[in-house]
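Everything below concerns the one structure shown next.
Counting from 1, the numbers follow the sequence of the chain as shown.
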Amino acid sequence: MGWAAVTVALLAATPRFLTQGDVTPEDALRAEAEAAWKALEARYVAEAGGRPSREPPPLRLQRGVALPPERNAQGTPGLVELRQNTPGVLDARLRGALRHELAHQLLWWACPAASDDRLFHEAFAVWTSGELAEWREGPYQSLTRAAAELARAPRVDTPAARGALARLLGESQGFPRALSVRLRQCQDGARWALPLSIDELAGVEVRAAEPATVVVSRHSGEVLLSEGDARRAIPYGSTLKPFLLAGSAGPPPLLPPRPGVQEWACGDGLPAQVDGRTALLRSCNGYFLDWAAKGGAAVDFGPWGEVLQAVGLTGTPTDMADAIGLRSTLALSPWGLAQAYRLLAEARPELIDTLKDNAARGTLSELPASAAYAGIATKTGTVRDAASRPQYGWIVAVDADAVVVVMRPGKMPRSFADEVPKVLARARRRSGLEAAQVQVLGLVPVHEVEAGCPGAGFSVEEGVPRALPPGFSRLDGRVARGPAVCLGSPWRVRAPGLPPEGRDYAGIFTGSPPPPYRPPPGVPITERERRARRGSDFVFRTTRLQYTAGVVAAEDASLQGEPRVALARVAAHNERHAQGRHGGRPLCDTTHCQAFLGTVRIQPEEEKALGLPALRWKQWLPFSQGGQEPWTERRARVRVEALLGPRLASLRFKDGRVLFIQSTQEAGETFDTAESRPCEVLRSALKLPSCPHTASFDGAEVVFAGKGRGHGEGLDVEEAKASPLRSGELLERAYRTLP
């Protein structure tokens with residue numbers, strides 16, 4: 001049976017439900033879906049205060065052909081897959097699974113900003129699907145135990161985690177207040193910088209703080225390593241002191257230390273006048289308190305206050321004691337702190353340079369581990385109880401590629417200083433974390449490129465962060481005065497020719513208009529070719545691993561195994577040898593360089609490729625789709641002679657070059673002159689599938705014949721697919737003629 005659809009006017013926002021006859025009876029299935037959607041939307045409207053302005057997309061309901069045994073249904077936006085054990089019977093299990101999956105579909109439609117918040121999605125689905133009572137029938141468990149179980153499985157994808165979630169939801173009389181608050185946030189279009197937390201859902205703190213570790217890429221923003229409850233907000237101690245210096249309008253003053261004052265007890269040998277640098281490295285509370293009393297200190301962190309609250313700071317400091325963590329009235333999660341330092345490193349590199357001296361002259365000096373911090377910026381923080389015992393110890397570390405935040409309950413930072421270099425080393429087991437830059441979207445007119453940040457977006461203007469409005473807007477406006485950073489999420493970019501929902505770009509955008517492109521004299525060029533060779537006004541920075549994966553997916557997503565490893569090694573190599581493609585600028589994202597379609601899921605082959613030794617060649621390595629399919633193309637002889645010169649006598653091809661003979665006349669005599677050009681010049685200009693094997697003259701036309709696709713140089717991707725060789729052998733064979 002073909003696709004069937006029905007539209008029922010239960011609500012203006014009821015989607016079309018599409019079925020294909022593999023779950024029966026179809027009419028009853030659609031009726032069940034429509035009734036469930038009506039109830040779900042009514043709940044959303046009641047809690048959120050309104051309904052989304054746009055209509056929901058059609059939803060497909062079909063049989064799941066590869067459902068795991070433990071699942072009765074699963075879904076992705078626009079698709080629900082169901083398990084039907086008995087044809088023609090919509091039993092209670094199937095109907096419950098349908099309601100659960102439609103709850104996810106409603107949130108994907110009504111609240112796209114929360115698409116990655118698994119706890120929020122599951123809590124809403126469990127409560128609205130009617131399955132809560134079933135989960136409550138299990139053995140009793142305390143809130144503390146339930147929270148611990150849920151923390152062990154944050155994706156809520158185990159029966160134990162679902163039972164724990166039901167226990168937390170059971171604390172609410174009626175619809176959970178935490179979900180109501182978040183649904184109103186959906187309707188208001190507010191940023192979704194922080195996911196729903198376990199404590200937020202329970203309405204109380206139900207767990208003691210556990211050790212937490214998080215590592216975030218400075219370039220892509222992705223979480224490289226996370227252990228413990230890195231999203232839980234706790235008091236932050238002195239870790240925000242750099243943001244006081246960054247947020248204050250004027251430079252920090254010179255202040256005399258006050259002997260005998262406890263807050264000035266920050267190491268021996270303080271100078272007669274303490275400057276902001278020394279106060280930061282020594283973490284002198286007295287300096288910051290006296291600075292506030294003198295005036296000029298931004299106790300609310302100035303423009304950085306909005307950044308900190310966007311990543312989860314629980315309020316605005318009322319005075320300096322709040323700001324520097326002497327009072328534990330405010331809290332921030334390790335994840336939020338890492339995000340804030342990522343932006344600080346982008347905006348105020350001189351502050352990060354100051355913090356590189358902390359292991360030599362500051363709070364982490366004179367330790368066995370101090371030498372391991374060479375070149376790494378650090379800031380410590382300690383939260384104490386009334387008896388001055390450490391409650392939480394913090395270390396923030398920033399190197400060229402990553403931000404590390406380590407929090408240990410009940411410990412002083414110096415007591416676990418040896419852990420941080422080890423954490424960095426563990427994160428760096430994943431190769432390719434260094435920066436890669438690429439010019440993007442150069443084929444699209446600048447004014448037609450739009451970007452949106454589902455997390456918290458900021459542009460940096462002369463070291464000052466400026467919050468970007470939610471939703472999509474022109475990318476050139478967002479990078480007009482400095483780099484644009486999306487905290488907590490990849491950018492979503494849309495432009496003509498891209499999917500309507502946009503494309504992910506996990507990294508940092510900057511504006512960088514290239515110089516005009518002037519083609520070689522006499523070489524015809526299309527507008528598209530001119531744009532590709534000019535480059536782009538937008539430079540995108542991400543990790544080298546993310547960039548490589550994006551290139552491989554764009555060039556040939558079907559590759560697997562050693563051929564994929566080989567292409568990934570070439571893509572990564574070319575990112576480091578691209579100077580000649582655009583006159584010293586980063587390489588582009590079109591076939592003029594190598595295609596790149598944004599952020600994709602990294603495959604094991606890309607990780608393997610970046611972990612292998614660098615290739616021995618010191619130049620750009622061409623590659624092509626290749627293949628053996630024969631082709632024949634005709635082109636006007638005048639077009640060919642416009643490229644190579646008049647009076648062509650012969651054409652042949654060898655080693656990636658076109659060899660030709662021109663007849664010239666001088667003093668009444670005819671001479672033949674042998675010339676050569678790179679074959680790519682001819683192939684690209686004439687739009688030939690690949691570099692030809694032969695060419696023959698046929699009157700006013702030239703007949704070209706060849707095989708495969710691409711310029712025919714270097715790695716032949718299609719040939720590699722059929723080869724049993726390993727990546728190194730494939731590359732040696734492809735580039736054996738190169739020095």
Side-chain angles (χ1 to χ4, degrees), residues 1-45 48 51-112 114-118 120-135 155-157 159 162 165 183 186 499-501:
M1 179 182 293
W3 286 101
V6 62
T7 303
V8 178
L10 295 172
L11 285 173
T14 302
R16 290 186 304 128
F17 291 102
L18 310 173
T19 59
Q20 59 181 8
D22 53 1
V23 180
T24 57
E26 292 182 85
D27 291 345
L29 177 63
R30 291 195 295 267
E32 185 75 26
E34 290 156 4
W37 187 274
K38 180 178 179 180
L40 286 166
E41 191 191 21
R43 171 59 66 182
Y44 177 88
V45 171
R51 61 176 296 275
S53 58
R54 59 194 180 90
E55 296 301 310
L59 296 181
R60 289 188 294 156
L61 310 176
Q62 66 184 51
R63 184 172 65 87
V65 295
L67 288 175
E70 68 276 8
R71 293 195 179 190
N72 292 317
Q74 65 185 14
T76 55
L79 171 66
V80 174
E81 296 181 90
L82 300 163
R83 184 193 304 280
Q84 187 174 41
N85 292 332
T86 305
V89 178
L90 304 180
D91 56 23
R93 176 199 50 76
L94 185 148
R95 293 197 302 271
L98 173 63
R99 290 193 298 270
H100 185 102
E101 293 303 325
L102 289 180
H104 290 303
Q105 296 291 336
L106 183 132
L107 289 182
W108 280 323
W109 160 62
C111 195
S115 295
D116 296 326
D117 191 336
R118 190 62 179 266
F120 172 67
H121 260 253
E122 287 300 324
F124 180 80
V126 167
W127 203 96
T128 56
S129 65
E131 62 191 274
L132 187 58
E134 179 183 344
W135 284 109
R155 293 184 60 80
V156 203
D157 54 359
R162 292 283 179 86
L165 176 58
L183 289 172
C186 294
E501 66 275 12

Item checked: Partner residues of F120 under the ring pair (Phe, Tyr, Trp, His ring centres under 6.0 Å) criterion, sequence neighbours left out -> W192
Notebook entry, point to check: Pairs in or reaching into residues 64-92: which pass salt bridge (charged side-chain N to carboxylate O under 4.0 Å, His left out), with residues at least two apart or in two chains?
Noted result: D91-R93
Notebook entry, point to check: Which pair of heavy atoms, one from L61 and one from A33, lies closest together, and at what distance?
Noted result: CD1-CB, 3.8 Å
Next item on the list: Specify the closest pair of heavy atoms between A97 and A73, including all atoms of both residues, with the distance to one decimal.
Entry: CB-CB, 3.7 Å
Next item on the list: Evaluate salt bridge (Lys or Arg N to Asp or Glu O under 4.0 Å) for E122 paired with R118, printing each intermediate quantity in order.
Entry: CA-CA 6 Å; E122 287 300 324; R118 190 62 179 266; 3.4 Å; yes
Item checked: Gap between atom CG of L102 and atom CH2 of W109 - 0.5 Å precision -> 12.5 Å
Item checked: Residues that P500 engages under side-chain contact (heavy atoms from CB on, under 4.5 Å), provided they are two or more places apart -> none
Check: Is the shortest heavy-atom distance from the side chain of T14 to the side chain of K38 under 4.5 Å?
Finding: no
Notebook entry, point to check: CD of E34 to CZ of F17: how many Å apart, nearest 0.5 Å?
Noted result: 6.0 Å
Check: Under the side-chain contact (heavy atoms from CB on, under 4.5 Å) test, which residues partner T128, sequence neighbours left out?
Finding: L40, R43, A103, F124, F175
Margin query: Within this structure, what is the SG-NE2 distance for the pair C111 and H121, rounded to the nearest 0.5 Å?
Written below: 7.0 Å
Item checked: Separation of Q105 CD from L79 CG (nearest 0.5 Å) -> 7.5 Å
Checklist line | Considering all heavy atoms, the nearest P57-P15 contact | finding: O-CB, 3.3 Å
Notebook entry, point to check: What are the two closest non-hydrogen atoms of W108 and G75, and how far apart are they?
Noted result: CH2-O, 3.6 Å
Check: How many angstroms lie between CD in E32 and CZ in R95, if you round to the nearest 0.5 Å?
Finding: 5.5 Å
Check: With sequence neighbours excluded, what pairs up with A123 under the side-chain contact (heavy atoms from CB on, under 4.5 Å) test?
Finding: L165, L169, L179, L201
Next item on the list: Determine the minimum heavy-atom distance between R16 and P58, stating which atoms define it.
Entry: NH2-CG, 3.2 Å
Item checked: W37 to L59 - nearest heavy-atom pair and separation -> CZ3-CD1, 3.7 Å
Checklist line | side chain to side chain donor-acceptor pair (under 3.5 Å) partners for R99, two or more places apart | finding: none
Next item on the list: Kindly state each residue pair satisfying ring pair (Phe, Tyr, Trp, His ring centres under 6.0 Å) with at least one member in residues 74-100, sequence neighbours excluded.
Entry: H100-H104
Check: Quick one: side-chain contact (heavy atoms from CB on, under 4.5 Å) partners of Q84, sequence neighbours excluded?
Finding: V23, T24, L90, L94
Margin query: Once rounded to the nearest 0.5 Å, what's the spacing between atom CG of L82 and atom CG of L67?
Written below: 8.0 Å
Notebook entry, point to check: What pairs with D22 under salt bridge (Lys or Arg N to Asp or Glu O under 4.0 Å), at least two apart in sequence or on another chain?
Noted result: none
